[in-house]
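What follows is a single structure, written as structure tokens, with notes after it.
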Number of protein chains: 2
Amino acid sequence: MRKRKGAGRPTIADVAKKAEVSTITVSRTLRDPAKVSTALRERIEAAIAALDYVPHSHASALASSRSNIVGVIVPSLTNNVFADTLRAIYDEVDPSPLQVQLGNSRYVAAEEERLIRIFLGQRPSALIVAGGDQTKAARAMLENADCPVVQIMEVDPDPVDMMVGFSHYEGGRAAGMHLVQQGYRRIGFIGARMDPRSRRRMEGFAEGLRTAGRHDPDLFMITTQSSSMTLGAELMGQLRARRPDLDAVFCNNDDMALGALFGCQHAGISVPDEIGIIGFNDLEMMAAACPSLTSIRTDRYEIGRTAVDMIRAALEGERPDQKVVDLGFELQARQSTARKARR
Amino acid sequence: MRKRKGAGRPTIADVAKKAEVSTITVSRTLRDPAKVSTALRERIEAAIAALDYVPHSHASALASSRSNIVGVIVPSLTNNVFADTLRAIYDEVDPSPLQVQLGNSRYVAAEEERLIRIFLGQRPSALIVAGGDQTKAARAMLENADCPVVQIMEVDPDPVDMMVGFSHYEGGRAAGMHLVQQGYRRIGFIGARMDPRSRRRMEGFAEGLRTAGRHDPDLFMITTQSSSMTLGAELMGQLRARRPDLDAVFCNNDDMALGALFGCQHAGISVPDEIGIIGFNDLEMMAAACPSLTSIRTDRYEIGRTAVDMIRAALEGERPDQKVVDLGFELQARQSTARKARR
DNA sequence: TTGTACGCGTTATCAC
DNA sequence: GTGATAACGCGTACAA
């Protein structure tokens, strides 16, 4: 005999035999119970329980050429910004038959391309990727993917398919205008990592300052190192050493901003009176800090929720109201940029 | 004819036809190129490239009853503690053919059980789950899973299969002893979420205090709310209101500790002189804060790395040196518990 | 509402 | 070293 031994686990056929029905009836009971008579359904459900039967998802995917997999590719697992969005995606996907397949591109475009290729090998139901800065090959693969694709965290007039996020450029610009309005004059920028989104924030910020005649490129300090609080403190120190007249900074994210605050505190510099600080994203810690820190609030959870919603709608054949959803942002002004009147 | 139309993507058969070989040879070229002659291999590789062929992972999983999937179940996606471990897992798994399937149990045991069931449906190559507090049914499923299982973040004499982590009880005890040694006398505890691991930390902490005759249950304040900096500040305020004589607290994690520090700062209370604060995990922010915060350092990245290593070894048939690996912890004493001598 | 027959794309088995 | 053929477990198409 040439029989192969499967993993040994019970199959749909075992269930069918035990319940004295055909396999297709078991299959239907699993996927669309309403199509099966109550009597049979109960017998089948009992058999499933008795055998501890677990459907084989790969066999199902192969037979139906649908995988129920939603591929999600983010550039970082430790960045809280993505953590909130991921949580939303998992929360939304969980009650449905869909499953998340998560990839970490580590802010490397080539790695993102590799992950897209791998995920495509699973014939996913949908794909969610961060941002709009894919390699040419990656973009081509996404455009040819025969499934809905949602780009998140940004808005762009030319999405692969759908998009939900906000304008980083405008967020940065709002930060710049805020500092000017608060009376700061020698306004700098501290940026780590400087991925494309951080870069757009910086550009918007520069534009905001330029409009007010307050743009001084010498006060901008960036690095490609990953962002961290320690690095925020360090860059703050370096920038002050170079330009002691500095009186405010926009940090490209909240970790950098809180680190910059700690740096000032260790150095005995008063925030906001000597230096104003504003961050980006408004993580929970910003409101808790002492002094509380001004930031640009973005709704990361809602981005994830909306992305899954768009996917679900697309899978159900609905046409979305809009291909690109701009969730905006909101400046949260707090103590760290509220300095007393200049004497 | 009753032919079905696949998704339209090229299959291994298309590659075989183009290269004028049989499908099995293509399959071998993909999985074990050494078993195929150079001439054929080159022809096949050219055909793969020409057709942009991507292997269908579900078909492969079905035929081989091996899936290359490593299921990972953690209780939280936003908790930085797991973020570091996840990053390590992804880093380790990425260069191998293995793929991560991530589940979020949200600190709900029943949800964890559900995820284990789903993951088992994918016939995973291995499973990684957080902790050792599964439901009875979940534990049974894990024990019957015919794949390596690694429980992470804890150590326990009775693992399902393998385990890597550290003792939360001992970590808590070390925190207690440290506060006593630093001269604090009315020592409290602030705890949020209070999942089983937090609970063990608290128990170890209480034991540490008890040994020194400093255990006062009235100074322990816990809640089931999720931990956050805001909550840390809040509980700190409540505890001080109830017991103004409080002079030190152990917070069940670093977020709570930093929040407690912020709370003190907003209230004008000096840390460490009036109140000492110690956290748990030693996230990067602890060293950066002002004052820097004492914490119990745990090597979360190494936990993830080790877990994947153990899996790889098990899949290659090696017998591990030890089923349970204790990575330990290290107390990082900093400013927040270094008060000046009592006058 | 339920069942029969076959195909999904790949790999294990056995033969050459 | 290479190939023919039969599984792998399930879903679709069609029939009853």
Side-chain angles (χ1 to χ4, degrees), chain A residues 1-44 48 51 53-68 97 120-123 125 146, chain B residues 1-44 47-48 51 53-69 97 120-123 125 146:
Chain A
M1 219 33 168
R2 243 165 164 244
K3 198 116 183 218
R4 268 200 259 176
K5 57 145 203 189
R9 296 195 62 98
T11 72
I12 206 168
D14 298 325
V15 176
K17 187 154 45 165
K18 184 163 185 96
E20 299 179 307
V21 297
S22 72
T23 60
I24 187 63
T25 309
V26 178
S27 176
R28 279 198 270 257
T29 305
L30 257 22
R31 284 171 303 137
D32 197 352
K35 290 198 158 184
V36 177
S37 65
T38 317
L40 285 193
R41 188 169 62 227
E42 282 171 357
R43 241 165 56 211
I44 291 170
I48 288 176
L51 295 173
Y53 165 73
V54 179
H56 192 302
S57 62
H58 299 292
S60 164
L62 179 58
S64 64
S65 49
R66 274 183 292 98
S67 72
N68 281 343
L120 252 20
Q122 311 198 26
R123 310 298 189 269
S125 284
D146 50 354
Chain B
M1 213 43 163
R2 240 151 160 263
K3 200 119 183 210
R4 271 198 260 172
K5 59 144 199 187
R9 293 194 66 96
T11 73
I12 207 168
D14 298 324
V15 176
K17 185 152 47 162
K18 185 165 185 96
E20 298 180 307
V21 296
S22 72
T23 59
I24 189 66
T25 308
V26 177
S27 176
R28 279 198 270 258
T29 305
L30 256 23
R31 283 172 301 140
D32 196 354
K35 289 198 160 184
V36 178
S37 67
T38 317
L40 284 194
R41 188 169 60 227
E42 283 172 358
R43 242 166 55 211
I44 291 169
I48 288 176
L51 295 174
Y53 165 73
V54 179
H56 193 301
S57 60
H58 300 292
S60 167
L62 177 59
S64 64
S65 49
R66 274 181 291 97
S67 73
N68 282 343
I69 289 180
L120 253 20
Q122 312 198 26
R123 309 299 188 267
S125 283
D146 49 354

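So you know, we letter chains A, B, ... as the sequences are listed, proteins then strands, and number each from 1.
Remark: side-chain polar atoms of A:R43 are paired, donor with acceptor, to backbone N or O of A:A19 under 3.5 angstrom.
The shortest side-chain heavy-atom distance between B:I69 and B:S125 does not fall under the 4.5 Å cut-off.
One finds the OG1 atom of A:T25 at 12.5 Å from the CD atom of A:E20 (value rounded to the nearest 0.5 Å). The NE2 atom of B:H58 sits 11.0 Å away from the NE2 atom of A:H56 when rounded to the nearest 0.5 Å. Remark: B:L40 CG to B:R28 CZ distance equals 10.5 Å, nearest 0.5 Å.
To the nearest angstrom, P of C:dG9 lies 14 Å from CG of B:L51. Put simply, NE2 on B:H58 is 16 Å from C1' on C:dT11, counting in whole angstrom units. In this entry the distance linking CD1 of A:I44 with P of C:dT2 reads 8 Å, nearest Å. One can place CZ of B:R41 at 11 Å from P of D:dG1, the figure rounded to the nearest angstrom. One can place NZ of A:K17 at 14 Å from P of D:dC10, the figure rounded to the nearest angstrom. Atom CG in A:L62 sits about 17 Å away from atom P in D:dA7, given to the nearest Å. If you take CG of B:N68 and C1' of C:dT11, they are 13 Å apart, rounded to a whole angstrom. As a whole-Å value, the separation of A:H56 NE2 from C:dT10 P is 16 Å.
Side-chain nitrogen and oxygen atoms of B:S37 include at least one within less than 4.0 Å of the OP1 or OP2 phosphate oxygen of D:dT2. Taking side-chain N and O atoms only, B:S22 has a distance below 4.0 Å to OP1 or OP2 of D:dG3. For C:dA12, the OP1/OP2 oxygens have a side-chain nitrogen or oxygen of B:R66 closer than 4.0 Å. When the side-chain nitrogen and oxygen atoms of A:S27 are compared with OP1 and OP2 of D:dG11, one or more of them lie within a distance under 4.0 Å. Close to D:dT2, at under 4.0 Å from its OP1 or OP2, lies no side-chain N or O of B:T25. Side-chain nitrogen and oxygen atoms of B:R31 include at least one within less than 4.0 Å of the OP1 or OP2 phosphate oxygen of C:dA12.
Checked by distance alone, A:R28 brings a side-chain donor or acceptor within 3.5 Å of a matching partner on the base of C:dG3.
Among the nucleotides C:dT13, C:dT10, C:dT1, the one closest to any side-chain atom of B:I24 is C:dT13. Of the candidates D:dC10, D:dT2, C:dT2, D:dC10 carries the atom nearest the A:Y53 side chain, counting heavy atoms from C-beta on.
Residue whose closest nucleotide on DNA chain D sits further toward the 5' end, between B:A59 and B:K35: B:K35.
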